[in-house]
Amino acid sequence: MSLFNFVADLLYPPRCKFCGALTDRTAWEPCKKCPPELWLKGAQAIIPGTHFARCVCTARYQGKLREQVRRFKFENHPDHAKAYGPMLAKTIRFYLPGAYDLVTWVPVSPQTLKDRGYDQARLLAEETARALGQEAIPLLDKTGRNRTQSSLEGADRRWKNVRGVYTVPDPALLTGKRVLVIDDILTTGATLEAAARALRQAGAVQVVAAAFCWTPTKE
């Protein structure tokens, strides 16, 4: 271990990207302290959609994992994608074998990208695609800056908030193709449905989806 890493570990001890427990600096997989109930299995991991055929999810967006994913998304921790991508790839490999030709993501708005400095869904998609032996390509644009979905309660408000905000700049890329669209969190499904609708209208023959986390909800 270098002197820099030794000092850094003393000041900012490395933590698990999934549960936040103290762990080895080089660890990118769930640690031994990660609770097993975080991970979705079987029917729990598959959410049916309307414009997307189905969405598969890896973990529950709750507890310590929720805190870590929020750090990834809002608190300038883009490196978390290196841990989450391979885990999501395992889920896709198991539940969506042979179901897609292209991999893309749900983009943030230009203003959010400017403010945040990175697009967390793009980073997640790139790491996921890399683990799958593929390349994530940009197929969608977000045409405006709506309110963040996490700031809204109720499925109706979330659906209205994303209606028509995604476009496909080059529909020719989609002709006859099946698309896997990736996002970080699935709550009501409104964001992924809006993205999938744009992809289908532009010519994709099928859209499937994958999200690292699924939010347990009473709605």
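Given the structure is predicted, the values throughout are model-derived calculations rather than measurements. Throughout, residue positions are numbered sequentially from 1 according to the sequence presented.
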* Asked: Looking only at atom types and distance, does a side-chain atom of R70 sit under 3.5 Å from a main-chain N or O of L65, one as donor and one as acceptor?
  -> no
* When Y95 is tested against each of V56, V208, T58 for side-chain contact (heavy atoms from CB on, under 4.5 Å), which residue passes? -> V56
* What distance do T104 atom OG1 and I182 atom CD1 have between them, rounded to the nearest 0.5 Å? -> 8.5 Å
* Near Q201 CD, under 6.0 Å, is it more than 12 heavy atoms from other residues, nucleotides or ligands? -> yes
* Asked: After noting the C-alpha distance and the side-chain angles of D101 and R178, does the key distance pass the salt bridge (Lys or Arg N to Asp or Glu O under 4.0 Å) rule?
  -> CA-CA 5 Å; D101 306 303; R178 302 167 301 163; 3.0 Å; yes
* For C19 and K64, which heavy atoms make the closest approach, and how far apart are they? -> O-CB, 3.1 Å
* Counting distance only, does the side-chain N/O of D119 pair as donor-acceptor with the main-chain N or O of V108 below 3.5 Å? -> yes
* Asked: Could you state the interatomic distance from CZ (F72) to SG (C213), rounded to the nearest 0.5 Å?
  -> 10.0 Å
* To do: Without swapping roles, check the side chain of Q206 against the backbone of A53 for a donor-acceptor pair under 3.5 Å.
  => no
* Identified side-chain contact (heavy atoms from CB on, under 4.5 Å) counterpart of V181 within the set L102, L139, T191, V106 -> V106
* Start with the C-alpha distance between F74 and R116, add both sets of side-chain angles, then the distance that settles side chain to side chain contact (heavy atoms under 4.5 Å, CB included), and finish with yes or no. => CA-CA 7 Å; F74 299 115; R116 192 174 295 170; 3.6 Å; yes
* Over all heavy atoms of both residues, which pair between H51 and V207 is shortest? Give the atoms and the distance, please. => O-CB, 4.0 Å
* Asked: Distance from D184 atom CG to C57 atom SG, nearest 0.5 Å?
  -> 11.0 Å
* Grab the two heavy atoms, one from C16 and one from T23, that are nearest each other, plus how far apart they are. => N-CG2, 3.2 Å
* Asked: Hey, does I137 have a side-chain heavy atom less than 4.5 Å from the side chain of V103?
  -> no
* If Ile, Leu, Val, Met, Phe, Trp and Tyr residues are connected whenever their side-chain heavy atoms lie under 4.5 Å apart, and connections chain through other members, are I92 and V179 in the same group? -> no
* **Derivation and outcome, side-chain hydrogen bond (donor to acceptor under 3.5 Å, both in side chains), residues R130 and Q134** => CA-CA 6 Å; R130 185 175 292 112; Q134 294 190 236; over 6 Å; no
Below 3.5 Å, can you tabulate the donor-acceptor pairs from side chains in residues 77-90 to any protein atom, sequence neighbours excluded?
| from | atom 1 | to | atom 2 | distance (Å) |
| --- | --- | --- | --- | --- |
| H77 | NE2 | R71 | NH2 | 3.0 |
| H80 | NE2 | Q68 | OE1 | 3.4 |
| Y84 | OH | K17 | O | 2.5 |

* Asked: Under 3.5 Å, is there a donor-acceptor pair between the T167 and T143 side chains?
  -> no
* Rounded to the nearest 0.5 Å, how far apart are OH of Y61 and CG of L38? -> 13.0 Å
* **A136 to A125 - nearest heavy-atom pair and separation** => CB-O, 3.8 Å
* When you check the gap from the basic side-chain N to the acidic O, do R122 and E126 get nearer than 4.0 Å? -> yes
* Asked: In terms of hydrophobic clustering (I, L, V, M, F, W, Y; side-chain heavy atoms under 4.5 Å; direct or indirect links), are W39 and V69 co-clustered?
  -> yes
* How long is the span from the CD1 atom in I47 to the OG1 atom in T188, to the nearest 0.5 Å? -> 12.0 Å
* Structure fact -> Heavy atoms of E37 and R60 approach each other most closely as O-NH1, 2.6 Å
* To do: Please answer: with hydrophobic residues joined when any side-chain heavy atoms are less than 4.5 Å apart, are L192 and Y100 in the same cluster?
  => no
* To do: Tell me whether L186 is reachable from L140 by hopping between hydrophobic residues (I, L, V, M, F, W, Y) whose side-chain heavy atoms are closer than 4.5 Å.
  => yes
* Do W105 and I185 share a hydrophobic cluster (ILVMFWY, side-chain heavy atoms under 4.5 Å, transitive)? -> no
* Considering all heavy atoms, the nearest C34-F18 contact -> SG-CB, 3.7 Å
* Structure fact -> CG (L132) and CG (L180) are apart, to the nearest 0.5 Å, by 7.5 Å
